[in-house]
Amino acid sequence: MAALLSMVVTLLAAPAAAAADCRTSCGLNDFSYPFGIGPGCSLQGFNLTCDAKKRLLLGSPNVTVDYTILASGSVSALAVYVAQTVQMGSGAGTFSTLWEGPGTPFAISGAANMSLFVLGCGVTATLLDRGGTGAVVGNCSVVCAGDEVMRRLPDGLCVGLGCCPIDLSVHLRAFTLNISRAGDGVSRDKLSFLVAGRDKYTFRTSDLEHDIDVDMVPPARLDWAIPDQPDCRRAMDDRVTYACVSNQSECRNSPIGGYTCHCSRGFSGNPYVVDGCTPDQGNPLHLCLDK
C-alpha cells in the first residue's frame, strides 16, 4: 500500500551553481539545477536520487518522478504519482489517511484541472486541506451495484458508481482524506484514491479489484517554487539568497507562494545558474556571439 508521488523538502540555502562534474541525467530523465544528485549539486530541498533501475527519485520519502525536470521551461512543475490503496478493516465505520508533501517548495496544483478520484463501494469521502487553511476542499460518495451491473459499466464513467471525483481548486501541500461507510448496500473494505487530470484517468470497474500502482494511473502535476521568500520583491531585497542569478533573468511570483526564475524575452536556458540565459536564434545578441 505504497503512497506514490514525487516531491521535496525544507528551507533553501544560499544559491550556488552546481559543480561542473554534477550529473544531469538518470536513465531517460534529464534534469538541471536547482535539481541535482549528490552534495553541492542542488539547492537544499531539490535533491534527487538515481536508483539501480535508473528511476529518478525526488526527496525523502523517495518517490518516482515521471518526466524530465528542466529549470529552463516556462512552467515550474513536475509530473508525479499521488496514489494509494488502503484497507478500512472489517466493520470499521470511518477511516482517515494523510498525504503530506515533504516541504514548502512543492504543492499539488490547484490550477491544472485535476481531481482526486475515489475508488470503492459504499463510502463517502471528504477532502481537507492540511497544508493551508484546513478547510474542506470537497466531498463525494460512491456506491456499487451487483457484479453483473458493474461489469456492464462503460469505461471512463466516474459519476458515483465505483468511482467518484473531487475537483481540486486549491493548491495542496498536504491533505487528509476522511472516509465513512455510507449505510446499507454493497460495500468493500478496499479503497483507493489517486490524483490526476480530470480527463486523464479512465476508470474501469476492474480497478476496484487490485491495488493502485504507477503502471495503471496517470501522473499528477506538482508545482514548485523557491520558498525562502514570499514573493519577488522580498527575494530581490536579499541578493545573497536570490536564486535568479543569471544575467537576463527575471523573477515571477508563484501562485503557491515563493517565486520562480525565468529567462527574459529573447533569451532561453537556465536562470538559476550564472550566465545560464543565452540569446535565442534571431536575437541580435546571438548574432554578435556567433561572430
Side-chain angles (χ1 to χ4, degrees), residues 6-8 12-38 40-48 50 56 58 65-80 105-107 109 111-113 171 197 219-291:
S6 320
M7 43 222 38
V8 189
L12 297 176
D21 59 349
C22 289
R23 295 178 58 175
T24 58
S25 66
C26 169
L28 299 177
N29 277 299
D30 297 327
F31 52 87
S32 58
Y33 196 80
F35 297 91
I37 294 175
C41 292
S42 68
L43 282 180
Q44 186 177 349
F46 291 82
N47 52 297
L48 299 167
C50 186
L56 191 60
L58 179 61
V65 178
D66 183 58
Y67 67 38
T68 297
I69 303 175
L70 295 176
S72 56
S74 60
V75 177
S76 297
L78 308 176
V80 304
F106 297 89
S109 177
N113 294 318
H171 304 292
R221 169 172 157 169
L222 192 74
D223 289 343
W224 63 270
I226 308 299
D228 62 331
Q229 297 292 348
D231 53 39
C232 287
R233 183 183 62 80
R234 294 280 296 274
M236 289 186 286
D237 285 343
D238 185 358
R239 289 288 170 171
V240 175
T241 62
Y242 185 51
C244 307
V245 297
S246 177
N247 291 331
Q248 305 299 333
S249 66
E250 58 188 45
C251 181
R252 297 180 191 172
N253 293 334
S254 170
I256 67 171
Y259 65 97
T260 56
C261 303
H262 303 264
C263 292
S264 301
R265 185 173 181 178
F267 294 79
S268 59
N270 190 342
Y272 296 94
V273 300
V274 175
D275 297 327
C277 295
T278 57
D280 293 335
Q281 293 281 349
N283 186 320
L285 288 177
H286 179 88
L287 299 177
C288 293
L289 290 174
D290 283 345
K291 292 181 178 180

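Bear in mind the structure is a predicted one, so any value in this text is a computation, not a measurement.
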Between Ser42 and Asn47, does any side-chain donor sit less than 3.5 Å from a side-chain acceptor?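 Ser42 vs Asn47: no donor-acceptor pair found between side chains.
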Indicate whether the side chain of Asp30 and that of Ser25 have a donor and an acceptor atom separated by less than 3.5 Å.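 No, because no side-chain N or O of Asp30 sits under 3.5 Å from a partner of the opposite role on Ser25.
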Give, for atom [atom1] of [X] and atom [atom2] of [Y], the distance between the pair rounded to the nearest 0.5 Å.
{"X": "Asn270", "Y": "Ser246", "atom1": "CG", "atom2": "OG", "value": "8.0 Å"}
{"X": "Cys263", "Y": "Asn247", "atom1": "SG", "atom2": "CG", "value": "10.5 Å"}
{"X": "Met236", "Y": "Gln229", "atom1": "CE", "atom2": "CD", "value": "11.0 Å"}
{"X": "Cys26", "Y": "Leu48", "atom1": "SG", "atom2": "CG", "value": "8.5 Å"}
{"X": "Arg252", "Y": "His262", "atom1": "CZ", "atom2": "NE2", "value": "4.5 Å"}
{"X": "Arg234", "Y": "Tyr242", "atom1": "CZ", "atom2": "OH", "value": "14.5 Å"}

Measure the shortest side-chain to side-chain distance between [X] and [Y] over non-hydrogen atoms and say whether it is less than 4.5 angstrom.
{"X": "Pro255", "Y": "His171", "answer": "yes"}
{"X": "Thr260", "Y": "Ile226", "answer": "no"}
{"X": "Phe31", "Y": "Ile37", "answer": "yes"}
{"X": "Tyr259", "Y": "Asp228", "answer": "yes"}
{"X": "Tyr33", "Y": "Leu43", "answer": "yes"}
{"X": "Phe46", "Y": "Cys41", "answer": "no"}

Can you name the nearest heavy-atom pair linking [X] to [Y], along with the distance?
{"X": "Phe267", "Y": "Cys277", "result": "CD2-O, 4.0 Å"}
{"X": "Cys261", "Y": "Ala243", "result": "SG-C, 3.7 Å"}
{"X": "Val274", "Y": "Val245", "result": "N-CG2, 3.6 Å"}
{"X": "Ala225", "Y": "Gly258", "result": "CB-C, 4.5 Å"}

Cys244/Cys251 sulfur atoms closer than 2.5 Å: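 Cysteines Cys244 and Cys251 do not qualify as a disulfide pair, their SG atoms being 2.5 Å or more apart.
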Look only at the side chain of Ser264 and the backbone of Gln248, and say whether a donor-acceptor pair between them is shorter than 3.5 Å.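 Yes; at least one donor-acceptor contact below 3.5 Å.
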In terms of ring plane angle, is the pair Phe106 and Phe35 parallel, tilted or perpendicular, where the classes change at 30° and 60°?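 Phe106 vs Phe35 ring planes: tilted.
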